[in-house]
Structures are given as structure tokens and as C-alpha cells.
Amino acid sequence: MSELESEYRLDYFAENGFERQTCSSCGARFWSRTERETCGEPPCEDYGFIDDPGFENAYSLVEMREEFLSFFEEHDHERVPPAPVAANRWRDDVLLTQASIYDFQPHVTSGQSPPPANPLVVSQPCIRMQDIDNVGKTGRHTMAFEMGGHHAFNADEGTDYAYEGEVYWKDQCVEYCEQFFASMGVPREEITFIEDPWVGGGNAGPAFEVIYKGLELATLVFMMLEQDPDGEYEMKDGNTYSEMDRRVVDTGYGIERWTWMSQGTPTVYEAIYPESIEYLKGEAGIDLTEEEADLVHRASKLAGHMDIDEAEDMEAARDTIADRLDVPVSRLEELMEPLEAIYAIADHARCLAYMFGDEIVPSNVGTGYLARMVLRRTKRLVDDVGIDVPLEDLVDREADRLGYENRETIRDIVRTEERKYQETLERGGRKVRQLADEHAQAGTPIPTEKLLELYDSHGIQPSMVADIAEERGAEVNEPDDFYSLVAARHDSEEALEAEHEEADRADELPDTEQLYYEDQDRMEFEAVVLDVLEREEGYDVALDQTMFYPKGGGQPADHGTLVSEDGSVEVTDVQMRDGVILHRTEESPGKGEFVTGQIDAERRRRLMAHHTATHIVGAAARRVLGEHVRQAGAQKGVDSSRLDVNHYDRVSREEVKEIERVANEMVTDNTPIRQEWPGRHEAEAEHGFDLYQGGIPPGENIRLIHVGDDVQACGGTHVSRTGDVGAIKILNTEPVQDGVERFVFAAGEAAVEATQRTEDALYEAAETFDVNPQEVPDAAERFFIEWKERGKTIEDLTEQLAAARAGGGENAEEVDIDGTTAVIQRIDADADELQATANALVDDGKVAVVGSGIDESAQIVVGVPEGVDVDAGEVIGVLARKVGGGGGGPPDFAQGGGPDVGALDEALAEAPDVLREQLE
RNA sequence: GGGCUCAUAGCUCAGUGGUAGAGUGCCUCCUUUGCAAGGAGGAUGCCCGGGGUUCGAAUCCCCGUGAGUCCA
């Protein structure tokens, strides 16, 4: 096993008098120009820059970013624009951008694609959700931040990567870093480089944490190893790694920390959000006396000197701090808590501006869910400190500051989300108040189970339950491990079906030549059958070339026939497998045969029209609903297709009509549809990551489809002009999940057919109503109202009829039961009528036993007036058994029945006896 | 993508298999006319849709639809 140690012995260090040293406190290895006792990082050493800035000049965040970028620009790096914070736009393994190197993963770091420049420098907005609890409290964590990175991509000579040669490596990187520190006026002797091997995502390498005055200001990572079971390096994750033939310089400079260092404020927030904090303090009505301000300042400074990595550390530290300042902890908390909230609000507002500025749409899934969480948390903080400003204003301030152009949409999204949350809170509040009242009355505490349900199913925080419970005088038991109990509710074992592909002869075959991109209107071709694989159902035929489009990108496979001299076989499915296209047939065309392939042209035309229409509908929706609209999924079909897009609200009927209008306008424009195969990075540079709406294709070159102004990476087949789509009819919109709206539409002939189906339904309804189709809505309404009125009339009449019957109808048998009159009657009517009749008899002071024998079942109702000692429930039980069923009800009114209609009369005849028995 | 909760009068919600309810709002009348006042009476319901179980379903089961929420 080799050690990484030698990798840290840089020539640069040797030439400049650095010594490798060991921290006497934590044992870490580090490099420095002077001899030092410790590594310089807390807890081994305190912050040395609070109230004593470490740079010559103070910088704002914007100035610091510019300082960083221009320094490296002047030192041969090319400045590149940052990527969105929504990293899932260009890679599917993460949700949010957490580092500048994310911009170049996976294709550049893997060597598949060239970087936009080499070397380059970027300041990348990042979001780390894992720090959400620490923000505001620790004084040093932010969820939203900018990572400055200077990157170089190196590869050995003779490799076939998208870049080649040595740009710069460790020595040069450390030198740049030191020079940048020096340009800030930092004495080089005060910097330490701590050895800290880096591992992540299958790669690894040596790395330095760069520490100055106790603060880690940069990390220099040298990615040079890849995971390899036979590798010679064993890293801290327990895996073995071997050297690669390419090397990536990955650095990260926390722009916020550099700004903080330059100002020496007690917390990082005061350095990076001074205006926001002043504004928020004003809105919250926080106005500290000089003495209080001084106390807060000294407390923050003390906290700065302590090793606080988590919010809990801060809570633990508070006692010590209060003690040292000689004030009660409660007083310190009273002063600090509102400030902590304000710091967090400033950070969260920036985080939301990043998210919505980069067009994340709130949702119950993915990045949208994260955005919702942050927004709701912000709302709670704002309410807690009593800031009476709409969230949209707070987020907009940041969006403005960050220079986003879609500010109106951002406002719209935030307003919609805040309203939704408000509604959730109100709904929840009512629920909790009711629950609290019940428990206050019963004198029992609200059980944990209820708390879990309120949170998990209704989104109500336990703290909110506690507040309301206190108001209502109920107790709450909130367990410490509340959130792990929530997690436990969710841990149902999900059987992950690993789809492992079996080794197959098809893997050995050469890639099939794809003819379908060459001329998308051609439907016939010739080919040689390379192999025929027998499957459980039918055969998979591999050809040397094909025009059959395999299933993919939401477009179903082509159908058709393969014709050889011996006959023809039907192609029912086509799949691509590692570049080999397999045609599913019922019979074998014979290996080695020459065949003529014939595509089912009608099917293909319809699919192409729908595929192009999908792009058009997407573009139209984008134009009507906003720039944030992008594809979240799509499925093309022969009769209709669907397109799912991100949007933060339901789509109204008016908007649908407008989208349909715009879409058809694009059809009428009859613009040609272009395809091209540019390099990935060129395509991204020109069109941005919105290219990847239908998924992220592999490979160095990607296929772009231009439909009007809309450009997408797409592997599907398209018509040649928008006019060929014919017509587009949006059939329906439905929400597939929160923040995602589905458009179901039809194109071309299918659109006409769909319209005809709808018309048929209308005509049929019109015929039934015997009116013109235009009059159907009015007629339907009229009939519905009339129908309801008739229902009421029938009810009235039923009661009148019942009253009349009670006066002595036919079939009525009156018997005397111990001084009370009982009426036994068979009326063969529905349940409502039976009940009404029984009621009417009871109102006359008579015991009622009424039966009915329609509809395959016998029904009996027994009513007993007040003061008569007969249990109707018992009576019905006996009588209903006689008709083979059962029954029950309260003592004064019971009903029952059974399937044996024939036995009804017999049962009624026995009723007097049953009643008498009951009396005894 | 998965889990959970919910759907009943215009609104907010009760209703655990047996005659659909309350508060509020609405209408009429009375009292008072000084503010969201008091009193009396009244009208309001495809109990989300479709199947099933049952003598009987708002209620139990299944499938939809819609809303909410938590987790990855």
C-alpha cells in the first residue's frame, strides 16, 4: 500500500522553506513557512480576526467576489459564468449545487467533454441544506453561499480525453493560493496548509485545508485517484484507489468567509448582509441600547472564539458565555434569539432568491420540496420575530441584489406559496385548538401519537401545537427524539429491484447504424440480419443498420415488417441495448439474410407529429406561463401524448386556451425543424442547461432539435416543418403532483379525431335533452334543478301519504297490546316511505310495524311511541330473523329486513305475539 | 417516487352500520334602531364519483377524482 504522504511533499514547499509539522493538539500534519505549535484551526486555535480584520482592506461580498475572480483572471484563468443552483438540470445524481466543481461533473471531470476554458475561475452560488439548523445560530454557517473555484483539467499525453496535457498541478495551485492571500495583504508566514485527504464520488486525492487566523478560507483538492479494487492507495472510506491518467485541480474559496475575514465582524452575517440585517431589525422593531449592543457584540465575539460547529454547540456554549460576561443566561438568550432569527432570515431569503431565480418551482418532490421547506421555515422565523412584511418583498430584495430578471415570477411563486402555507397553518390551528380543548377538558396530555400525526399528515410543527395547547390549558408531551419517530413512521422496507442486465449475445454485436436520423421521412431500407436471438416470446433481430426507431425519450418504438426472399415478419417492438438495436418479431427472418425493412408509416407519422407537437406545446406553455416552465416528463403516443411541466399553480382554462392558440400559431408559421450535432459544451454554452428538458444524454456530441426558438437535446424523430403537425388540441390538464401540471394533447389527425369524440359526446347529450348542442349546458342545469325540486316534492308527498295511511289505510291490522294500539301494515314501498309511515303512526301514539316486500328483499320498520315499554330493536331482531336477515336500531325506532320476501306476511302476522312477548 | 390524512349545508366542522346534524352565514318576522345587538321562525345536502359487503352504507372494503402533508 502506498501512502499519500509523498504527494504532499511539493517542490514549492521545499523551495520556499516550508516545513512539514505536526499539530501538538490534534495531531494533524500541516505545512507552514514558520514553526508552529498547532495547525491553526479551531479548536486547536481561536479565531484571531474578530474586531481585528485579517486583510488590508474591508470588502463587501460583491467586491470580494470580484477581487477573487479578477485576481485569477489576471493569472491566466478564464472567468466562466456560474451554473444554476439546481444541479439536477444537468446531472441526475444530485439536487442542488454544493460546490463549484459540480459545474463540470460528470462529463468534464471524467474527460468525456472539454471544459469551457482551461484553467478557469468561477464563483458558483451553492446551497447546502444540511446546514439549515445551524444558520444564524453558530455565527459562521450559511445555507446559501458562493464558492469561488479555480480549476485546471490535466490529462496524460496520448490519452483520448477531451483535453490533453498539463495545465497546472499541485505546486502551481498552492502558489496561486498563496499569492491571492498575499494580494489581500496577508503575511505568508501566517498561513497553514493542513493535509486532509479527500474522497468523494468514486474519486480521491490529496488535499489541503488552508487556514488563516483560525478560519478555513480555502480547500485545495487534487483529484488524481479513482476507485479500483486492486488500487494501491487505501483511503479513509476503506476503499482502495489507483492513479488516473487525468488530474483535476478542484479548489473552493468561501467568498463569504473571505468577506468576513476582511471585516472582522463578530458573525459572518454582519459582514455579508449588513443592509438586510439593518432592514430586518427595523421591521422587527429591534432597537438595542448601547449597553445591550455592546453585550451582544462581546457575546458574539466570545462565541467566535469557541469551537462551534453545530447549533447544539452554541446552546451548550451559552452558559459559559453568560458566565464570562456576568449576565444571566436568560438575559443573553432574550437578546440573542431575535438576532439569530434575523440572521437566518437574511440567509434564507438569499437562498430562496437563488432557488426561484434559477426557476425551481415549489413542489412536494425534489428541489421543489427543498424550496418549500426553506420558505416555510423562513415564514415561521419572520412570524416569530414579528416582522410584518410579505415574504415576497424579502425574497425580492435579494433577487434584485443578485440581479435576477424574472423577479415578477419569483414574487408570484413566493406569494402563492406563502398563501398556501398560511392556509395550512389556519387549517392546522383549528385542528389543534379543537384537540387541545378536548384534552384540556379531559385533563389528559396530548399524546405523542397525535403530535406525530399532526406533523406527518398535516404539516404542523410540534412547537406550534405546544403554543396553542398552552393557550388552551392542555399539556403536551413532546419526546426528544420526535423527528426519529417521524422517520420511523416512514421506514417501510422498499424492495429495491436492482435491474441487472443479464449477459447477452447481443452485447457482442457491433452497434447498429441508425438510419432514422438521416431522412426522417423515409420508411423503407435494406439491411443484413446479423443475428437472431431466441426469446421467451418471439425473436430479437439485430441488423447491420435500421430505420426502425427504438423506444426511447418518451417516444414509442416503430412497428413494421422485415421482408426477405422467404417471406415477411412483423416487427412489434424495437429496443436499443448498448448501441445495438433489437427488433422483436414473432418469427425468425433467418440469420445472414438480406431483408427490406418497411416501417408502419402511418404509425410513425403520427408519432413524429406528436413528438414535434410536444416541443411546441412546451414552448407555448413557457411563453404563456413563464420562463420557469420546463419539461418534467413526457410520453408520446399515436392518439394522444402527454407533457408534464413544472408550474407553481393550477393551469386555468383561459391559460390552456392561450397555450393552444400559441401552439397552433407555431404550427401555422410552418417553420422548418432543424437538427444538429454540436459538442456538449458548445451546446450548453449557447443554450444553457434548459436543453436537457427531456433528460441528459450521454456522449460528447449531442443532438439538438430546433423548433422555432425552442432548442432541446432530443433523440426522437420529428416532422420536417411545424406545419406538418397539422393541428394541436389540448384535451386536458391535470396535476400529477404538486408543482407539476400535465397537458394531454393530440396532434394532426389525432387532434381531429379527439375533437370529433368530444363532439359526439355533446351531440349525444343534446339528443337526449332534445335541444341544440349549444343549449346543452342550460338544459342540463334546468333539468338538474328540476330534478332536485322533484326530490323534495316526493319527500313531501311521501310524508303526506304516510300521514294518510296512519289514519287507517288498507292492509292495516290494528291490535291492542296491553292498552296501546299497535298497527301492523304491509305497504310495499321504499325505505323512506316505510320510515315516514312508521313516524306518522308513532306521532298518533301507536306502535308501528310496517313491512315492504319489493326489490328482492323484505324491509321492516318498527316504531314505538314514548312511554310504551317495548324495545323496537328487540322486536325487529325477532321479525327480521323470520325473513332470513337481521336488523337493529335504538329502542324507539328500528329497522331491518332479509332476503326472504315470501316469509314477510307470516312475519307480520306474528308481530302482535312478538310485541306482547316484549312487554312481559 | 413512497407513506399518511382528509372530502357532509355558502363557510367551519360534528356524525364508528339503523329517521343527516351543530355553529356561522342566508331569508322572514319581532324587539331595538348606536356600531359584527337580542329574540322567534324558515330554507338550505347526488354526504366527491364508481363498484363491493350488508336486510340496511355518509359510516366498512376496493378503484378512481380532488385537496393537504411528511419523507427520499
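Lettering of chains follows the sequences in order, A, B, ..., and the numbering in each one begins at 1. Side chains included, hydrogens not; waters and symmetry mates left out as well; all remaining heavy atoms used. Just so you know, these numbers come straight off a predicted model, no measurement behind them.
- Looking at residues two or more places apart in sequence or on another chain, you find a salt bridge (Lys or Arg N to Asp or Glu O under 4.0 Å) between A/R415 and A/E392, A/D412.
- Residues satisfying the side chain to side chain donor-acceptor pair (under 3.5 Å) criterion with A/R881, sequence neighbours excluded, are absent altogether.
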Under 4.0 Å protein heavy-atom contact, by nucleotide of nucleotides 45-60 of chain B - B base, S sugar-phosphate only: SB--------B-----
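- Every residue meeting the salt bridge (Lys or Arg N to Asp or Glu O under 4.0 Å) condition with A/D644, not counting sequence neighbours, appears here in chain and number order: A/R742.
- Between A/R433 atom CZ and B/rU12 atom C1' the separation is 11 Å, expressed in whole Å.
- Partners of A/E786 by salt bridge (Lys or Arg N to Asp or Glu O under 4.0 Å), not counting sequence neighbours, listed by chain and number: A/R790.
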Pairing string, 5' to 3', for RNA chain B - Watson-Crick or wobble contacts under 3.5 Å, brackets [ ] where pairs cross, | to another strand: (((((((..((((....[..)))).(((((.......))))).....(((((..]....)))))))))))).
Give me the distances for all protein-to-nucleotides 67-70 of chain B N/O pairs that come in under 3.5 Å?
from	atom 1	to	atom 2	distance (Å)
B/rA67	OP1	A/R650	NH1	3.1
B/rG68	O3'	A/T424	OG1	3.2
B/rG68	N2	A/S457	O	2.9
B/rU69	OP1	A/R376	NH1	3.1
B/rU69	OP1	A/R376	NH2	2.5
B/rU69	OP1	A/T424	OG1	2.5
B/rU69	O4'	A/S457	O	3.3
B/rU69	O2'	A/Y455	O	3.2
B/rU69	O2'	A/D456	O	2.6
B/rU69	O2'	A/G459	N	3.1
B/rC70	O4'	A/D456	O	3.0
B/rC70	O3'	A/Y455	OH	3.3
B/rC70	O2'	A/D456	OD1	2.9
B/rC70	O2'	A/H490	NE2	3.1

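- Judged as a ring pair (Phe, Tyr, Trp, His ring centres under 6.0 Å), and not counting sequence neighbours, A/Y763 has no contacts.
- Judged as a side chain to side chain contact (heavy atoms under 4.5 Å, CB included), and not counting sequence neighbours, the contacts of A/D830 are A/D832, A/E833.
- Here A/F893 pairs with nothing under the ring pair (Phe, Tyr, Trp, His ring centres under 6.0 Å) rule; sequence neighbours left out.
- In this structure A/H647 satisfies the ring pair (Phe, Tyr, Trp, His ring centres under 6.0 Å) test together with A/H628, sequence neighbours excluded.
- Residues meeting the side chain to side chain contact (heavy atoms under 4.5 Å, CB included) test with A/A83, sequence neighbours left out: A/W90, A/D103, A/Q124, A/F689.
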